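Data first, discussion second: the structure below is written as structure tokens.
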Amino acid sequence: MLRSWWAHQPDRPHTEHPAVAAELFRDLAAGGRLAAPLPGHGRTQERFDLLSAIGELDLTLARLAEAHLDAIAILAELGVESAAAGALWGVWAAEPPTARVDATQRADGGWRLTGRKAWCSGAGICTNALLTAHAPDGNRLFAVDLTSERVQPAEATWQALALTGCDTRTVNFDDAAAIAVGGPAAYLERPGFWHGAAGVAAVWYGGAVAVARALLAAAGRRTPDDLGLAHLGAIDVALAAAAASLRSAATAFDSDPGDRGGRAAVIAREARGVVEATATEVVERVGRALGATPLATDHAHARRVADLALYVRQSHAERDLADLGRRLLDAGDRW
């Protein structure tokens with residue numbers, strides 16, 4: 001269904017423009033193509049398959065769709081009804097030292113947000129967002145209607161050539177009304193945080209498959225030499241390992257949705273690490289096998305490579321690996 005829909009979109013090569021990405025994102029959601037099982041409910045692999053499929057089509061759309069699906073899952077997990085049909089959600093949880101949003105509770109029980117939130121993908125595209133903010137009792141998650149005049153995206157400062165259509169900007173909140181979603185620290189402490197983290201890796205996997213297909217297509221036009229065949233074989237091995245890691249994570253989440261065993265973080269970190277390494281290897285090997293020509297002459301391929309390289313940097317690289325190592329030692333895991 002996704003492939004057929006994508007094939008009929010005349011502007012699909014131009015999702016680097018936020019207006020085009022927004023139109024396609026709305027159409028993708030409105031057509032029911034973003035209907036996905038909630039993670040940890042027995043069909044997590046289906047959810048990962050959908051995320052991978054969108055990532056394979058277009059990483060800009062996938063970045064928007066992944067956040068939207070994550071928001072729906074967060075709201076369900078924390079017992080809050082999502083907005084009316086047609087809402088497009090973002091999840092804004094970055095907490096850099098240069099931007100901060102403070103939450104205050106009024107006498108009537110309502111919450112208000114004031115400050116600046118950085119790294120907001122879909123700033124001018126989404127209709128609603130979940131965002132973290134600093135409340136008197138700790139860091140909390142809030143739902144906000146982005147159509148409010150008290151919520152204003154700042155001027156675009158995105159300098160990267162990749163993922164430009166995601167419209168990632170700083171957003172200003174001026175005493176904006178908000179709804180608290182869960183209690184203090186609920187966003188990070190829920191098991192679903194790790195389900196969502198692995199979902200991001202499913203998108204990376206789809207992007208890696210799409211990049212790898214450039215080498216497969218070239219091999220179909222001209223039989224590669226032994227070096228090209230070696231790159232092709234190594235890419236297949238890497239993709240197989242990434243797919244297996246995602247399947248294993250999906251099975252584990254479904255078997256222990258409440259994370260009673262305390263393994264969700266390790267499982268998600270492992271899956272993300274495997275898929276990140278795979279994506280990095282695929283980009284490197286395809287580039288070495290095909291040379292500069294497709295990067296210089298094939299717009300779609302060049303964009304895909306750039307988007308994937310930037311997207312996987314949502315990982316914190318060695319810091320994430322260090323966190324995984326610490327968790328393994330704390331749990332006494334030694335393979």
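In what follows, every heavy atom counts, from backbone to side chain, and hydrogens, waters and symmetry copies are set aside. No experiment lies behind these values; they were computed from the predicted model shown.
Side-chain N/O atoms of R303 and T60 include a donor and acceptor closer than 3.5 Å. Residues H231 and E284 bring no donor and acceptor atom of their side chains to less than 3.5 Å of each other.
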Note to self: Apply side-chain contact (heavy atoms from CB on, under 4.5 Å) to residues F25 and L34 and explain how you reach the verdict.
What the structure shows: CA-CA 10 Å; F25 182 32; L34 287 184; 3.9 Å; yes

Next item on the list: Would you sort out whether R47 and D49 count as a salt bridge (charged side-chain N to carboxylate O under 4.0 Å, His left out), showing the intermediate values?
Entry: CA-CA 5 Å; R47 182 182 183 87; D49 286 345; over 6 Å; no

Next item on the list: Could you walk me through whether W89 and L64 pass side-chain contact (heavy atoms from CB on, under 4.5 Å), step by step?
Entry: CA-CA 8 Å; W89 287 86; L64 297 169; over 6 Å; no

Note to self: Quick one, L78 with R190, criterion side-chain contact (heavy atoms from CB on, under 4.5 Å). Give me CA distance, side-chain angles, the key distance, then yes/no.
What the structure shows: CA-CA 8 Å; L78 296 180; R190 63 197 170 83; 4.2 Å; yes

Item checked: Full working for salt bridge (charged side-chain N to carboxylate O under 4.0 Å, His left out) between R106 and D175 -> CA-CA 11 Å; R106 300 299 176 86; D175 200 36; 2.4 Å; yes

Next item on the list: Could you check R272 against D320 for side-chain contact (heavy atoms from CB on, under 4.5 Å), going step by step and ending with a plain yes or no?
Entry: CA-CA 9 Å; R272 284 170 65 96; D320 283 354; 4.3 Å; yes

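Counting heavy atoms from C-beta on, the side chains of S315 and W204 come closer than 4.5 Å. At least one side-chain heavy atom of W5 sits less than 4.5 Å from a side-chain heavy atom of D27. L88 places a side-chain heavy atom less than 4.5 Å from the side chain of R26. Contact check for H301 versus V211: side-chain heavy atoms found under the 4.5 Å cut-off. W158 has its side chain out of reach of R169: every pair of non-hydrogen atoms, C-beta onward, lies at least 4.5 Å apart. The closest side-chain heavy-atom distance from T168 to L163 is not below 4.5 Å.
In this structure, R63 CZ and D58 CG are separated by 13.5 Å, a value rounded to the nearest 0.5 Å. Distance check, rounded to the nearest 0.5 Å: CD of E318 to CG of L324 gives 12.5 Å. Here the straight-line distance linking atom CD of Q9 with atom OG of S4 works out to 9.5 Å at 0.5 Å rounding. Here T223 contributes atom OG1 and D225 contributes atom CG; the two are 10.5 Å apart, rounded to the nearest 0.5 Å. Taking CG of L232 as the start and CG of L215 as the end, the distance is 5.0 Å to the nearest 0.5 Å. Between the CG atom in L216 and the CD1 atom in I235 there is a gap of 9.5 Å [rounded to 0.5 Å].
Pairs engaging residues 109-123 under the salt bridge (Lys or Arg N to Asp or Glu O under 4.0 Å) rule: E95-K117 [sequence neighbours left out].
For D307 (side chain) and L59 (main-chain N/O), no donor-acceptor pair under 3.5 Å exists by modelled atom type. Between the side chain of S245 and the backbone N or O of A241 there is no donor-acceptor pair closer than 3.5 Å. Using modelled atom types, one side-chain atom of E77 and one backbone atom of G192 make a donor-acceptor pair closer than 3.5 Å. In this structure a side-chain-to-backbone donor-acceptor pair under 3.5 Å is missing from T278 to L239. Panel note: side chain Q105, backbone A103; no donor-acceptor pair is recorded below 3.5 Å. Remark: the backbone N or O of D145 is not paired with any side-chain donor or acceptor of S148 at under 3.5 angstrom. Using a distance-only test at 3.5 Å, with no hydrogens or angles considered, a donor-acceptor pair links the side chain of R140 to the main chain of G182. With H41 contributing its side chain and P37 its backbone, the two residues share no donor-acceptor pair below 3.5 Å. Side-chain N or O atoms of D167 include one that pairs as donor or acceptor with a backbone N or O of G124 at under 3.5 Å. A donor-acceptor contact shorter than 3.5 Å links the side chain of T44 to the backbone of G40.
With respect to R100 and D102, a salt bridge is recorded, a charged nitrogen being found less than 4.0 Å from a carboxylate O. Contact check on R313 versus E276 returns a salt bridge, with a Lys/Arg side-chain nitrogen under 4.0 Å from an Asp/Glu carboxylate oxygen. Taking 4.0 Å as the cut-off between side-chain N and carboxylate O, D259 and R263 do not count as a salt-bridged pair. Ionic pairing of R269 and D323 is present here: one or more N-O contacts between side-chain nitrogen and carboxylate oxygen are shorter than 4.0 angstrom. One finds no salt bridge joining R285 and D236 here, because no Lys/Arg side-chain nitrogen approaches an Asp/Glu carboxylate oxygen to under 4.0 Å.
Classified by interplanar angle (parallel below 30°, tilted 30° to 60°, perpendicular above 60°), the ring pair F193/Y187 is perpendicular. Classification of the H195-F253 ring pair by plane angle, with boundaries at 30° and 60°, yields tilted.
For A198 against F48, the heavy-atom pair with the smallest separation is CB-CZ, 3.8 Å. For the pair T170 and A118, the tightest heavy-atom approach, listed with the atom from each and the gap, is OG1-CA, 3.9 Å. Closest of all the heavy-atom pairs between L246 and Q45 is O-OE1, 3.8 Å. Of all heavy-atom pairs spanning A62 and I54, the tightest one is CA-CG2, 3.6 Å. The nearest pair of heavy atoms linking T132 to A93 is OG1-CA, 3.5 Å. Summarising the geometry of A21 relative to T15, their closest heavy-atom pair is CB-O, 3.7 Å, with the distance given to 0.1 Å.
By the 6.0 Å contact criterion, NE2 on H316 is open, its count of non-hydrogen atoms from other residues, nucleotides or ligands being 12 or less. Counting non-hydrogen atoms of other residues, nucleotides and ligands closer than 6.0 Å to CH2 of W119 gives a total of 12 or fewer. A 6.0 Å sphere centred on CD of E23 holds no more than 12 heavy atoms belonging to other residues, nucleotides or ligands. Other residues, nucleotides and ligands contribute only 12 or fewer heavy atoms inside 6.0 Å of the CD1 atom of I179.
Hydrophobic clustering (ILVMFWY, side-chain heavy atoms < 4.5 Å, transitive): L50 and V91 are in distinct clusters. Hydrophobic clustering of Ile, Leu, Val, Met, Phe, Trp and Tyr side chains at less than 4.5 Å, counting indirect connections, keeps L161 apart from V283. The hydrophobic clustering, which links ILVMFWY residues whose side-chain heavy atoms are closer than 4.5 Å, places L24 and V203 together. Taken together through direct or relayed side-chain contacts under 4.5 Å among Ile, Leu, Val, Met, Phe, Trp and Tyr, L290 and L308 form part of one hydrophobic cluster. Cluster annotation: L51 is not connected to L75 through the hydrophobic network of ILVMFWY side chains, with a link wherever side-chain heavy atoms come within less than 4.5 Å.
In this structure, L113 belongs to a hydrophobic cluster whose other members, linked by side-chain heavy atoms under 4.5 Å apart, are W92, V101, W111, L131, F142, V144, L146, V151, V171, F173.
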